[in-house]
Amino acid sequence: MLKGKSAVVTGSTSGIGLAVARAFAKEGANVTINGFGDKAAIEKERSGLEKEFGVKAIYSGADMTKPAEIAEMIKGTEQAFGAVDVLINNAGIQFVAKVEDFPIEKWDAVIAINLSAAFHTTRIAIPGMKARKWGRIINIASAHGLVASGEKVAYVAAKHGIIGLTKVVAIEAANDGVTCNAICPGWVLTPLVQQQIDARAKQTGKPAADESKALLAEKQPMLQFSTPESIGALAVFLAGDAAATITGSAYSIDGGWTAQ
């Protein structure tokens, strides 16, 4: 469906971002993956995308807190593939503390990576999209872009901001062939979440399956995790022709979390 297109996926060396990159490669898009991690593991994923799906894949180690490096990533993709057709802003970090105890440097880092980075990628990529009269910008927000939880002030602020950014970009690009939408996951079973479950099970002495359900039940009526692959599939849909008039929307994929 996306053969010949190119996609940049930030924060895509593991977890949701990697699943999104794989989903786009499966549809024939060339991809730029980005993020930190073990160099050998990243190269294995990058080369694996090329071998498995017959596309071109490049890696950018751009630091999402540094606008100059973000600009180089977008320009590097344009040089490698001719264009940035699809931009998926996925990079994110988390820190938990009460407002009065929240370290200033952690606030700055969360806002920079979770919100400001998406502004910087978008401002650089969107002129080319408008010129070509085709582009898709997909921001991975969160259920916390729609509702709040305690002790996550920076994350909630950033994810609410991402949805605001999505709406403004959608309005400005509405007649330029460019759409901008947000995906708002609830609980997703990534390695980091599995670590949380295992830690809870170790602390309580209960089976991991019980702690998994307990974790889900704190927020979601549906006691089932979303998968990174399901988020990738939704992103692919939003990049396709059927979604040509869907813009400025925030799509919940959260087991009923925000329906309450």
Side-chain angles (χ1 to χ4, degrees), residues 1-3 5-38 40-62 64 73 77 84-94 113-114 117-118 121 136-145 155 159 162 166 181-197 212 215-216 220 222 224-240 243 250-255 257:
M1 186 169 70
L2 296 168
K3 188 174 178 63
K5 300 293 187 185
S6 63
V8 172
V9 189
T10 68
S12 52
T13 52
S14 63
I16 291 171
L18 181 57
V20 171
R22 288 181 57 81
F24 275 81
K26 185 177 180 180
E27 293 296 328
N30 299 318
V31 294
T32 295
I33 60 172
N34 155 262
F36 298 131
D38 178 74
I42 292 170
E43 174 55 24
K44 182 179 179 181
E45 295 294 352
R46 187 207 64 78
S47 61
L49 289 169
E50 293 189 331
K51 292 173 184 175
E52 185 173 353
F53 302 114
V55 299
K56 294 179 181 178
I58 61 174
Y59 166 69
S60 168
M64 290 294 105
M73 178 181 66
T77 300
V84 174
D85 298 301
V86 183
L87 170 63
I88 301 103
N89 290 304
N90 171 73
I93 60 171
Q94 175 64 288
I113 294 173
N114 294 40
T121 56
R136 300 287 185 266
I137 300 169
I138 301 165
N139 296 319
I140 308 301
S142 167
H144 282 120
Y155 189 82
K159 293 302 186 179
I162 279 286
T166 297
N181 292 288
I183 296 175
C184 301
W187 283 115
V188 181
L189 192 56
T190 62
L192 285 175
V193 172
Q194 186 62 55
Q195 287 176 20
Q196 284 184 252
I197 294 167
S212 177
L215 183 70
L216 288 164
Q220 292 187 186
M222 183 182 289
Q224 180 177 328
F225 286 99
S226 298
T227 66
E229 290 74 21
S230 65
I231 295 167
L234 179 53
V236 166
F237 166 74
L238 290 172
Y251 277 79
S252 294
I253 179 167
D254 65 5
W257 181 332

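For Thr10 (side chain) and Asn90 (main-chain N/O), a donor-acceptor pair under 3.5 Å exists by modelled atom type. Between the side chain of Arg46 and the backbone N or O of Ala57, at least one donor-acceptor pair lies under 3.5 Å. Formation of a donor-acceptor pair under 3.5 Å by the Asn34 side chain with backbone atoms of Ala62 is found in this model. Glu45 places no side-chain N or O within donor-acceptor distance of the main-chain N or O of Leu18, the cut-off being under 3.5 Å.
Arg22 pairs by the salt bridge (Lys or Arg N to Asp or Glu O under 4.0 Å) definition with Glu52, not counting sequence neighbours. Residues passing the side-chain hydrogen bond (donor to acceptor under 3.5 Å, both in side chains) test with Ser142: none are found, sequence neighbours excluded. Thr227 meets the side-chain hydrogen bond (donor to acceptor under 3.5 Å, both in side chains) test with Ser230; sequence neighbours excluded. In this structure Leu192 satisfies the side chain to side chain contact (heavy atoms under 4.5 Å, CB included) test together with Thr190, Gln195, sequence neighbours excluded. For Gln224, there are no side-chain hydrogen bond (donor to acceptor under 3.5 Å, both in side chains) partners at least two apart in sequence or on another chain. In terms of the side-chain hydrogen bond (donor to acceptor under 3.5 Å, both in side chains) criterion, Gln196 has no residue partners (sequence neighbours excluded). Ile42 pairs by the side chain to side chain contact (heavy atoms under 4.5 Å, CB included) definition with Thr13, Ile33, Tyr59, not counting sequence neighbours. Applying the side chain to side chain contact (heavy atoms under 4.5 Å, CB included) criterion to Thr166, with sequence neighbours excluded, gives Asn139, Ile162, Cys180, Ala182. For Ser252, the side chain to side chain contact (heavy atoms under 4.5 Å, CB included) partners at least two apart in sequence or on another chain are Leu146, Cys184, Asp254, Thr258. Looking at residues two or more places apart in sequence or on another chain, you find a salt bridge (Lys or Arg N to Asp or Glu O under 4.0 Å) between Asp85 and Arg132.
Here the OG-CG distance, from Ser14 to Asp38, works out to 12.0 Å after rounding to the nearest 0.5 Å. Atom CD1 of Ile183 and atom CD1 of Ile140 lie 4.0 Å apart (nearest 0.5 Å).
A 4.5 Å side-chain heavy-atom check between Val31 and Phe53 finds every atom pair outside the cut-off. Side-chain atoms of Ile197 and Leu189, non-hydrogen and from C-beta on, do get closer than 4.5 Å to each other.
The side-chain hydrogen bond (donor to acceptor under 3.5 Å, both in side chains) pairs that include a residue from residues 23-32 are Thr32-Thr77, where partners are two or more places apart or lie in different chains. Within the structure, the salt bridge (charged side-chain N to carboxylate O under 4.0 Å, His left out) test picks out no pair touching residues 228-239 (sequence neighbours left out).
Nearest heavy-atom pair across Ala239 and Val86 is CB-CG2, 4.5 Å. In terms of heavy atoms, Phe237 sits closest to Ala243 at O-CB, 3.4 Å.
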